[in-house]
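Have a look at the structure below, then the notes.
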2 protein chains.
Amino acid sequence: MLPSEAVLSSVYEVSRITVRKALEVLREEGHVDSRQGFGWLVVSPPLRQRLGRFSTIEEQLAEMGVHPRRKVLDSEVCESSAEIAQVLGQKEILRVRRVNLADELPFARVTVWIPSSLAKHFSLSDYEESSFYDLLTDRKLLKKPLSKAMQTISAIAISEEDAKLFSVPVGSPALRCLRTTFDSAGDPVLFSEYVFPGHLTEFVIELAGEVTSIAPSGLRLVD
Amino acid sequence: MLPSEAVLSSVYEVSRITVRKALEVLREEGHVDSRQGFGWLVVSPPLRQRLGRFSTIEEQLAEMGVHPRRKVLDSEVCESSAEIAQVLGQKEILRVRRVNLADELPFARVTVWIPSSLAKHFSLSDYEESSFYDLLTDRKLLKKPLSKAMQTISAIAISEEDAKLFSVPVGSPALRCLRTTFDSAGDPVLFSEYVFPGHLTEFVIELAGEVTSIAPSGLRLVD
DNA sequence: TATAATACAAGTATAAGACAGGTCGGCCCT
DNA sequence: AGGGCCGACCTGTCTTATACTTGTATTATA
C-alpha cells in the first residue's frame, strides 16, 4: 500500500491535485490502482503480466511443459519472385520451409526467405535446431539488430498440402501471417509466411494509449 | 520545454517582441511549438508519425472515396451470458448486431455488448448513424475516456447466416475479432465481436521496439 | 523601421479547502 | 462472545484563488 494522498502531499510539499495526477499517470501505466475509502496499492504482479507484452509462442509452449520441435520440409536457393524481390531488394534468396510441432502435433507451417548471402553460414540441421532469430543473432551475421516488423494477418482456406499436414479437411479456415522483419536501420532483413490451423490458434493484440474507435485496429480491406 | 518568453527576454537582454519573433521563425521551420498559457516546447521528431497508429477502417474508406453505411440487424436488452458477465461484470446488457457496408457491399458483421445502463440514451437510429465510440464520447456518458483494448483475432468458418450476408459459400474462411475495450481506469466498458469475410480483409500490425523473435507476435494456442 | 517597454486578455497548472461517499477498526450494547 | 454502531481515515470530486504562461495591442525610442 502507498501512503495516503494527504501524506504524500505534505511529504513532497505539493498539492493533493498534483499527487493525484502523478498517481493517475502511474495507474494508466498499470503500476498502481486505488479503491475509494481504502487507498492506493501497487498492482500485484499477475495483472502486470496480463498487461505486459505477450510472450512468444515458444515461451508459451515452454510454460505449458510442451516440447517444441521443428522439421524442415525443404530448402533451396533460388531467384526471388517479384513480390519477394520488391520487399527484400535481393535477386537471389534462400527459401526454407519448416513445420513447427508441439509435442509432435503440427501447429504451424512456416516459410522463411532470407538473402542468399546469409545462407552460406547455415546447414539443414541448423534450421531444425534453431530459430532464424537465434541463427542470425548468435552468429553475429547482422550489422544492425532486428528492431521492427510489419505483419499482416488474414484468414485463408487451407490448401491440400497443409490439410494433410494438420490433419484437417481441405478448405478449413486458417490464419496466415505474412511478416517482414527490419533491422534498426530500417532495411528489410527477412520475409516469412506462417500458416496456422484456425482451430488451434488465435492472435492476441493489446492496444494501449488513446483509443479513437472501438473497431478492430489494423484492419484493412484487400482488393 | 523552453524557458518562458520573459526569462529568455531577460537572459538575452532583448525585448519579448524579439524573443517571440525568433521563436516564431523556429515554429515556421517546425522545430518548436507553443500553447497559450503553457509555454514553448520543442517539437518531437517526425518519427512518431511514421510509427503512428494505423488508421481505422472508416478513415481508410473515406480516403478511398467509399461511402460507409451501417445497418442494424437487431438489438435487445437481455441478461448477459456467463462469458459476457465475466468480462463486463454486468448482469443486464444491451446487445446490438449491425452490418457494416462499404458502397452497399457488406464487409463486416458486428455485435456489440454494452451495459444496459448506457442503452437508455440511445435509439435504433443512433446505432445506424454513429459508431459506438462516437455515441459514448460525444454524449459524455463515460467518466473516463476509452484508453485500452484487448483483441483476439482468429480464423473461423463462416456460418450459414453470415454466408448469406456476405454472399460467400458456407464454411469460407473469415476473420473473427473479439475485443474488450477498457476506460482509463482499467474498467471494461464494452465487448464486441467482428466477423470479416476472409477474401476482403486482413489485419496489419506494426511492431516497434526490440524484436526478440521472428515468429508472429501475439499468437497463442487455444485449447 | 525595428526594437523596447508596458499593459491587458486568455489559457494553464497548481494550491488549498470543502464535501460526499466508501472502508475499516474499535467501541458499546446486548 | 457476538452483532451493530460510530468515528477516523481514505479516495473521488468540486470550487475558488493564485501564480505564471502565451497572445495581442499600444506607445515610446533609437
Side-chain angles (χ1 to χ4, degrees), chain A residues 1-48 50-51 208-212, chain B residues 1-46 48 85-86 88-92 114-118 120-121 136-148 180-190:
Chain A
M1 285 212 52
L2 270 63
S4 76
E5 292 175 7
V7 171
L8 291 171
S9 163
S10 78
V11 166
Y12 292 100
E13 289 177 349
V14 295
S15 76
R16 227 190 104 199
I17 290 190
T18 312
V19 169
R20 280 188 65 80
K21 284 199 176 175
L23 288 170
E24 269 153 18
V25 167
L26 290 176
R27 161 152 55 199
E28 295 280 316
E29 292 169 1
H31 297 111
V32 300
D33 205 354
S34 70
R35 275 163 53 197
Q36 184 171 356
F38 185 71
W40 289 84
L41 19 83
V42 302
V43 162
S44 58
L47 181 62
R48 284 202 55 191
R50 276 189 46 216
L51 297 177
E210 191 140 355
V211 173
T212 59
Chain B
M1 284 209 57
L2 294 170
S4 74
E5 291 175 7
V7 170
L8 291 171
S9 162
S10 79
V11 165
Y12 293 99
E13 290 178 347
V14 294
S15 76
R16 232 191 98 199
I17 290 190
T18 313
V19 168
R20 279 188 67 80
K21 284 199 177 174
L23 288 170
E24 269 153 17
V25 168
L26 291 175
R27 162 152 53 197
E28 292 287 311
E29 292 169 2
H31 297 112
V32 299
D33 204 354
S34 70
R35 275 163 54 199
Q36 184 172 355
F38 185 73
W40 289 83
L41 18 84
V42 302
V43 164
S44 58
R48 283 192 52 194
Q86 194 186 354
L88 291 185
Q90 298 274 338
K91 279 204 168 176
E92 211 187 51
I114 60 171
S116 59
S117 55
L118 295 174
K120 59 170 179 277
H121 303 91
L136 292 173
T137 53
D138 288 353
R139 308 200 178 174
K140 301 195 168 52
L141 295 176
L142 300 172
K143 290 180 183 174
K144 310 266 180 180
L146 299 177
S147 81
K148 268 183 301 201
T180 313
T181 308
F182 302 86
D183 64 17
S184 65
D187 294 320
V189 176
L190 51 85

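Just so it is clear: chains get the letters A, B, ... in the order the sequence lines come, proteins before strands, and each one is counted from 1. The figures that follow rest on heavy atoms only: side chains count, while hydrogens, waters and symmetry mates do not. Just so it is clear, the structure is predicted and the values come from calculations on it, not from any experiment.
- Of all non-hydrogen atoms in Val189(B) and Pro115(B), the two that sit nearest each other are O-CD, 3.3 Å.
- The side chain of Thr18(B) places an N or O atom within less than 4.0 Å of a non-bridging phosphate oxygen (OP1 or OP2) of dA4(C).
- For the pair Gln36(A) CD and dC19(C) P, the computed distance is 17 Å after rounding to whole Å.
- The Ser34(A) side chain lies nearest to dG12(D) when the options are dA4(C), dT22(D), dG12(D).
- Contact annotation: Lys21(B) side-chain N/O to dA2(C) OP1/OP2 distance is not under 4.0 Å.
- For Trp40(A), counting side-chain heavy atoms from C-beta on, the closest listed nucleotide (dG23(D), dT11(D), dT14(C)) is dT11(D).
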* Derivation and outcome, side chain to side chain contact (heavy atoms under 4.5 Å, CB included), residues Ile17(A) and Lys21(A) -> CA-CA 6 Å; Ile17(A) 290 190; Lys21(A) 284 199 176 175; 4.3 Å; yes
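- Here the straight-line distance linking atom CZ of Arg20(A) with atom CH2 of Trp40(A) works out to 5.5 Å at 0.5 Å rounding.
- dT14(C) atom P lies 13 Å from atom CD of Glu24(A), rounded to whole Å.
- In the set dT14(C), dT3(C), dC10(D), dC10(D) carries the atom at the smallest distance from any side-chain atom of Ser4(A).
- The side chain of Ser15(A) places no N or O atom within less than 4.0 Å of a non-bridging phosphate oxygen (OP1 or OP2) of dT14(C).
- Remark: P of dT21(D) and CG of Leu23(B) are 13 Å apart, rounded to the nearest angstrom.
- Heavy atoms from other residues, nucleotides or ligands lying under 6.0 Å from CD of Glu29(B) number more than 12.
- Taking every side-chain heavy atom of Ile17(A) into account, dA16(C) is the closest of dT3(C), dA16(C), dG12(D).
- A donor-acceptor pair under 3.5 Å is absent between the side-chain atoms of Ser34(A) and the main chain of Gly39(A), judged by distance alone.
- Rounded to whole Å, the distance from CZ on Phe38(B) to P on dG23(D) is 13 Å.
- Each of Gly37(A) and Glu13(B) was assigned the nucleotide of DNA chain C with the nearest heavy atom; the assignment lying further toward the 5' end belongs to Glu13(B).
- Out of dT22(D), dA13(C), dA15(C), the shortest distance to the side chain of Arg20(B) is found at dT22(D).
- Across the protein-nucleic acid pair, Leu2(A) atom CG and dC9(D) atom P stand 19 Å apart, rounded to whole Å.
- Rounded to whole Å, atom C1' of dT11(D) lies 13 Å from atom CG of Leu8(A).
- Each of dA7(C), dG22(C), dT13(D) was ranked by its minimum atom distance to the side chain of Arg16(A); first place goes to dT13(D).
- Rounded to an integer number of Å, the gap from Glu5(B) CD to dT24(D) P is 11 Å.
- For Tyr12(B) and dT3(C), the OH to P distance is 17 Å, given to the nearest whole Å.
- Within the nucleic acid shown, Arg35(B) comes within 4.0 Å of sugar-phosphate atoms alone, with no base atom in reach, counting heavy atoms only.
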